Structures are given as structure tokens and as C-alpha cells.
Amino acid sequence: MRLTSFAVLLLCGAVQAAPGAVSLEQAGVLYERHCQSCHGANRLGGAGPALLPESLSRIKPDEARAIISNGRPASQMAAFSDSLNAAEIDGLVSYLYQPAATPPTWSDADIRASHRMLADVGALPSTPKHDADPLNLFVVVEAGNHHVRVLDGDRFEELANFPSHFALHGGPKFSPDGRFVYFASRDGWVSVYDLHNLTMIAEVRAGLNTRNLAVSNDGRWVLVGNYLPGNLVLLDARDLSLIKHIPTVGLDGTSSRVSAVYTAPPRDSFVVALKDVTEAWELSYAGEPTFEPRRIEAADFLDDFSFTPDYRHLLATSRKAHGGQVIDLDTGKAVTDIPLPGMPHLGSGIYWKRDGKWVFATPNVSKGLISVLDLQSWELIKEIPTEGPGFFMRSHENSKYAWTDVFFGPNNDAVHLIDKQTLEVAHTLRPMPGKNAAHVEFTRDGRHLLLSVWDTDGALIVYDANSLEEIKRIPMNKASGKYNVGNKIEFAEGTSH
Ligand code: DHE
């Protein structure tokens with residue numbers, strides 16, 4: 001009979017296991033023996049990702065079991081089915097989904113100790129070393145292999161391709177001149193990359209589980225919103241050095257996770273939605289800022305949000321999500337609820353002008369429809385049926401269509417093009433039948449767009465935005481979000497924050 005390493009441990013009397021099962025305590029020993037060298041002490045992450053319950057929230061236990069057994073292709077995660085038996089693997093899975101015995105902390109000292117300068121930005125040329133239009137570059141996140149590609153947005157050719165931290169999430173954000181791009185990973189790593197010199201400048205771990213980051217419109221500050229620990233972390237945008245952390249504690253003393261943080265350029269402020277207290281915060285960065293939050297009482301807990309075009313109002317998905325709520329950032333008052341069916345994803349909504357009036361359209365992650373709202377009256381103008389629930393929407397001032405995916409369900413290979421004036425689905429494309437099509441971004445002039453096919457054997461497909469002819473197909477491993485520098489720094493209509 002072959003004895004696994006853990007069985008040997010048991011025979012040695014180091015730990016007592018119930019017959020046929022592995023206790024959490026025993027699984028902890030297994031973790032230290034087999035996992036800790038890559039995934040870190042206390043499961044905080046290392047060469048491999050953090051394995052805290054917060055980090056694993058998007059992975060089902062069966063998937064975790066399969067990864068421990070079989071490894072992860074194209075990564076350093078080895079298969080353990082030869083060295084651990086089924087009960088040991090089950091025990092490890094249960095252990096990973098348990099909160100750590102000692103609640104994990106991430107102090108200012110930890111943040112500072114993680115900070116690394118990777119290039120001397122002062123010694124680098126301040127003009128692009130490539131001949132592409134620096135304001136029409138695309139930064140493409142390739143989620144399947146944790147890489148980022150930089151593409152020339154005129155020729156659709158690759159300028160750079162580099163590894164990222166594990167699981168980048170959310171839109172990277174840019175310095176106001178478009179030279180620097182800032183990435184956040186789910187495990188809290190923040191990196192800054194120089195798009196002129198195509199090189200990484202600095203990185204720091206700002207938290208253990210991060211939501212997203214925002215860059216101030218004056219290019220001086222990066223504000224990171226965290227789930228774990230629940231706080232905001234303010235960094236110097238030049239080198240990502242820590243300025244300070246701001247605990248996100250509500251007026252009633254409850255500590256909260258951060259749902260999202262965005263910059264509001266005309267207001268010279270960061271706006272923050274909190275997940276566990278019914279408050280939104282505004283932190284001014286005008287002049288010599290103190291970053292003291294202005295607290296705005298919300299009608300419900302807030303998830304992700306969007307702004308109206310003038311940045312006066314915030315439209316947020318409510319946790320209870322029978323729609324959204326509108327908050328007037330000038331008066332600090334909740335203006336109205338917007339009753340919407342299902343689970344609207346207001347953070348992915350976009351706006352455009354229809355008959356001279358601003359309208360706002362939002363996908364819905366639980367129902368196959370797009371809701372279109374009048375931004376003056378907050379009334380629902382139309383519900384446009386789609387082939388299934390969707391995640392992202394995109395358009396461009398020069399495009400007559402709003403593109404939306406069908407991210408969930410059997411029709412997830414479809415994308416709908418909604419006529420922005422008639423509010424009807426004008427076209428439905430299936431870029432790679434059977435494969436999930438999602439997330440679009442336009443070139444700066446709106447003449448072309450890039451669409452992701454979110455599959456291991458996926459692609460980035462370039463379309464002519466008017467003729468809808470396919471111009472180019474670049475194979476990619478789960479092409480995820482992609483971001484056009486010009487559209488982003490201009491906060492162009494039709495794109496995300
Ligand atoms: Fe995202 C953006 C929250 C799951 C891919 N997602 C965002 C943002 C928030 C958010 C707050 C805006 C950040 C920004 O741009 O600064 N996402 C959430 C969730 O709460 C949710 C539903 C659950 C979770 O696990 O966090 C979630 N998101 C996902 C995914 O499962 C996706 C599809 C794959 C992944 O990478 O995890 C995903 N989210 C994205 C992408 C963006 C994003 C590609 C950027 C959209 C953009 O165009 O800007």
C-alpha cells in the first residue's frame with residue numbers, strides 16, 4: 001500500500017484524523033506542507049494567488065478541488081492527485097473556504113515592504129519610443145494567461161506583451177496625459193506601466209483583496225478601494241509609494257468594504273461607494289487635499305455605480321437591487337429610486353443623446369434585457385429584450401450603435417447592436433459561434449472597435465464600426481477588457497469610467 005505524505009504524518013501521531021475525513025486542523029498542516037511555499041503564510045498569497053475565502057469567492061469548491069487535483073494549465077500550479085488522496089484534497093478545499101483562524105491584516109508596514117521600483121522614471125525619455133499614436137493605443141487584458149498586450153490602435157499590431165499580476169480586474173486607469181497606465185489585481189497588487197517606454201515602473205500590494213482603483217484627474221494620486229482590509233489606500237501616482245490608508249468606517253462605527261472608487265474630473269474628487277454601510281463618500285483632491293471624506297447618506301447599500309454626463313448625479317445599483325438609486329452629489333441627497341427588474345448592472349451602463357436628451361442604458365446580469373432611462377426624469381423609457389443577461393455595454397459618440405453582450409446562458413456567443421435612436425436591436429452578431437463574446441472598446445475616432453471572445457481559444461476581433469466587416473482577428477487566451485487611451489483620458493461618451 002502506498003502511503004501519502006499526510007498518512008505518514010498521521011501514523012507519526014502528529015495529528016489525529018477522524019476516520020475517512022481530514023479535519024480542518026489537519027488540512028492546515030497539509031496547507032503548510034504543500035501549498036504555503038507558493039500561496040504564502042496565512043494564505044495571503046506569494047508566487048501564487050491568495051487563498052482566502054474572499055479571494056476564492058468566484059470559484060466553486062468543485063473547481064478548487066479539480067485545480068488541486070489536476071493543476072492549472074499554463075501556470076506553476078502543479079497537480080496534487082499523486083501526492084494527496086481524495087479525503088486530503090476535500091479537507092484542503094474545506095480549509096481554504098474557512099476564514100483564517102487569525103483574521104488577516106495588511107498594515108502600512110506591509111504595504112511599504114511590498115513596494116518595488118522597477119525603473120527610474122526620471123531617467124526615461126518622456127516621448128514615446130514607438131511610432132504609434134500614443135492616444136490611440138489599446139491596453140488589452142488577456143485573462144487566460146494573466147498577460148497584458150499593448151496594441152497600436154491604427155494598425156492593430158502588438159507593441160508589447162507582458163505578464164501581469166494574477167487576475168487583473170476592472171478597468172486599468174490612465175494618467176491624464178495617457179503616458180502611464182495603472183492596473184489593480186484582485187489580490188491587491190497595483191502596478192504602473194509606462195506606455196511611452198513600454199516598461200513597468202513600480203508595483204505595490206495595497207491590500208489583500210482589492211475592488212478597483214482610480215487616478216485623480218491632476219495625475220497626482222491613486223486611490224485604491226479594498227474589500228480586505230476594508231479601506232481606501234492612497235498612493236503617490238508617480239511611484240506608488242504609500243501616502244496613507246483611510247479606514248472605511250461608517251458613521252455608526254461599522255467597518256465597510258469598498259464597492260468601487262472613481263474619479264469625478266469636473267468635481268476634482270474621488271467618489272466612493274461603500275458596501276456595508278449606507279454611505280457614499282466624496283474625497284476632494286483639489287489644491288492641498290486632506291482626503292477627509294464628505295459623507296453622503298444613501299438609501300441603501302451601494303454596489304457599483306456610474307455618473308451622469310455632468311458628474312452631478314451618481315446612479316448606483318442597490319444591494320437589495322430592485323433597481324438603482326440616484327444620488328445628487330451637490331446636495332448630498334438621495335433623489336429617487338429607479339425600479340428596474342432583475343439585477344441591473346448600473347456600473348456598466350453608458351449614456352448617449354437621443355432626440356437631444358441624455359439617455360442611460362444599463363445591462364442586467366440576471367435578466368435578458370437592456371433598460372433605457374431618461375436622465376432628466378429618471379423614467380424608464382424602454383426595456384429592450386436580449387438573448388440573455390449581459391455584463392458590458394459600449395458605444396462611441398460617432399457610432400449609431402450601442403454594443404452589448406449576452407454574457408450568461410446558452411446564447412453567450414451573441415452580441416447585440418442596439419440602434420441608439422430607435423432603441424431596437426439592429427443587428428445580432430456571433431463572432432465565434434459557441435464561444436463567449438464580451439466586452440467592446442472603440443478606437444479613439446470611433447471608426448473601428450475591438451471585441452473580445454472570452455475563451456481559452458478566443459480572440460480579439462477588430463470590426464469596422466459602420467460596415468461591421470471583420471478587419472482582423474488576433475488569437476488570444478480569454479481576451480478580457482480592453483481600453484483605448486484617448487477614450488479613457490477624455491472620459492469619452494460610450495466608454496467606462
Ligand atoms: Fe467586474 C469592472 C465589480 C465580476 C470583469 N467589475 C468592474 C468594476 C467593478 C466590478 C466595481 C469597475 C472597476 C473599474 O473599472 O474601475 N465584477 C464586479 C463584481 O462585483 C463582480 C460581479 C463579482 C466579483 O467577483 O467581483 C464582478 N468582473 C467580474 C467577472 O466575473 C469578470 C467578467 C471577469 C473577471 O475578470 O473577474 C469581470 N469587471 C470585469 C471587467 C471590468 C470590470 C473586464 C472592466 C470593465 C470596463 O470596461 O471598464
Side-chain angles (χ1 to χ4, degrees), residues 49 53-60 63 138-148 164-174 181-188 190 209-215 222-228 257-264 270-275 301-307 314 316-317 319 321 343-350 363-366 389-396 403-408 412 436-442 449-455 458 460 477-484 487-488 491-492 494-497:
E54 292 83 353
S55 331
L56 293 167
S57 62
R58 293 175 323 117
I59 299 178
K60 296 204 171 71
E63 202 184 329
F138 281 88
V139 171
V140 184
V141 174
E142 195 172 7
N145 56 10
H146 309 285
H147 272 65
V148 173
S164 71
H165 275 282
F166 184 84
L168 294 185
H169 176 234
K173 301 288 148 58
F174 297 85
V181 54
Y182 299 84
F183 300 97
S185 83
R186 286 195 183 257
D187 276 357
V190 174
N209 192 261
T210 287
R211 268 298 69 192
N212 76 327
L213 62 77
V215 177
V222 173
L223 192 64
V224 185
N226 287 325
Y227 263 12
L228 190 67
R257 294 168 294 170
V258 172
S259 293
V261 48
Y262 298 113
T263 189
F270 292 117
V271 178
V272 180
L274 298 181
K275 208 169 181 82
F301 301 98
L302 302 174
D303 278 315
D304 198 9
F305 64 93
S306 287
F307 294 103
L314 172 162
T317 307
R319 163 96 57 86
M343 180 70 84
H345 193 207
L346 292 167
S348 278
I350 57 168
N364 197 300
V365 295
S366 72
F391 219 102
F392 303 108
M393 280 193 87
R394 273 296 197 279
S395 188
H396 189 281
W403 292 60
T404 185
D405 53 63
V406 178
F407 199 82
F408 305 96
N412 72 359
N436 189 184
H439 201 278
V440 159
E441 174 94 334
F442 285 75
L449 60 94
L450 277 59
L451 177 146
S452 294
V453 178
W454 209 302
D455 192 275
L460 192 77
N477 182 349
K478 292 196 183 156
S480 161
K482 69 211 73 67
Y483 310 88
N484 178 276
N487 289 341
K488 288 290 169 235
F491 296 85
T495 190
S496 58
H497 310 273

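Every number for a ligand or one of its atoms is a count from 1 in the order of the listing. Remember, predicted model here, so these are calculated numbers, not experimental data.
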Q | Per-atom contacts, ligand 1 versus Ser259 - under 4.0 Å to a heavy atom | A | 11 (C)
**Q.** With sequence neighbours excluded, residues passing ring pair (Phe, Tyr, Trp, His ring centres under 6.0 Å) with Tyr483
**A.** His439
Q: Number the atoms of ligand 1 from 1 as they appear, then name those within less than 4.0 Å of a heavy atom of His439, with their elements.
A: 46 (C), 47 (C), 48 (O)
Q. For atom 31 (O) of ligand 1, what's the nearest protein heavy atom and its distance?
A. Arg58 NH1, 3.7 Å
Q. Listed by chain and number, what are the ring pair (Phe, Tyr, Trp, His ring centres under 6.0 Å) partners of Phe305, not counting sequence neighbours?
A. Tyr262, Phe307
Q: Considering only non-hydrogen protein atoms, determine which one is nearest to atom 24 (C) of ligand 1 and report residue, atom name and distance to 0.1 Å.
A: Arg186 NH1, 3.4 Å
Q: Considering only non-hydrogen protein atoms, determine which one is nearest to atom 15 (O) of ligand 1 and report residue, atom name and distance to 0.1 Å.
A: Gly171 N, 2.8 Å
Q. What residue and heavy atom of the protein are closest to atom 19 (C) of ligand 1, and at what distance?
A. Arg211 NH1, 3.4 Å
Q) What closest approach, in Å, do Ser480 and Ser452 show between heavy atoms, and which atom pair accounts for it? A) O-OG, 2.6 Å
Q. Can you list the ligand 1 atoms lying under 4.0 Å from a non-hydrogen atom of Tyr262?
A. 12 (C), 13 (C), 14 (C), 16 (O)
Q.
To the nearest 0.5 Å, what is the distance between CG on Leu450 and CG on Asn484?
A. 9.0 Å
Q. Listed by chain and number, what are the side-chain hydrogen bond (donor to acceptor under 3.5 Å, both in side chains) partners of Lys478, not counting sequence neighbours?
A. none
Q: Answer whether the closest heavy-atom distance between the side chains of Phe408 and Phe391 falls below 4.5 Å.
A: yes
Q: Work out how many protein N, O or S atoms lie closer to atom 1 (Fe) of ligand 1 than 2.8 Å.
A: 1
Q: Report yes if some N/O of Arg394 lies less than 3.5 Å from some N/O of ligand 1; otherwise report no.
A: yes
Q: If you have a sec, work out which protein heavy atom is nearest atom 45 (C) of ligand 1 and how many Å separate them, to one decimal?
A: Tyr483 OH, 3.2 Å
Q: Give the atoms of ligand 1, by number and element, whose distance to some non-hydrogen atom of Phe407 is under 4.0 Å.
A: 33 (C)
Q: Output the list of atoms in ligand 1 that are nearer than 4.0 Å to some heavy atom of Ser496, sorted by atom number.
A: 47 (C), 48 (O), 49 (O)
Q) Considering only heavy atoms of Ser480, which atoms of ligand 1 have at least one such atom less than 4.0 Å away? A) 44 (C)
Q) Does atom 21 (C) of ligand 1 have any protein heavy atom closer than 4.0 Å? A) no
Q) Against heavy atoms of Lys173, which atoms of ligand 1 measure under 4.0 Å? A) 14 (C), 15 (O), 16 (O)
**Q.** The one among Trp454, Phe305, Phe392 that brings a heavy atom closest to atom 34 (C) of ligand 1
**A.** Trp454
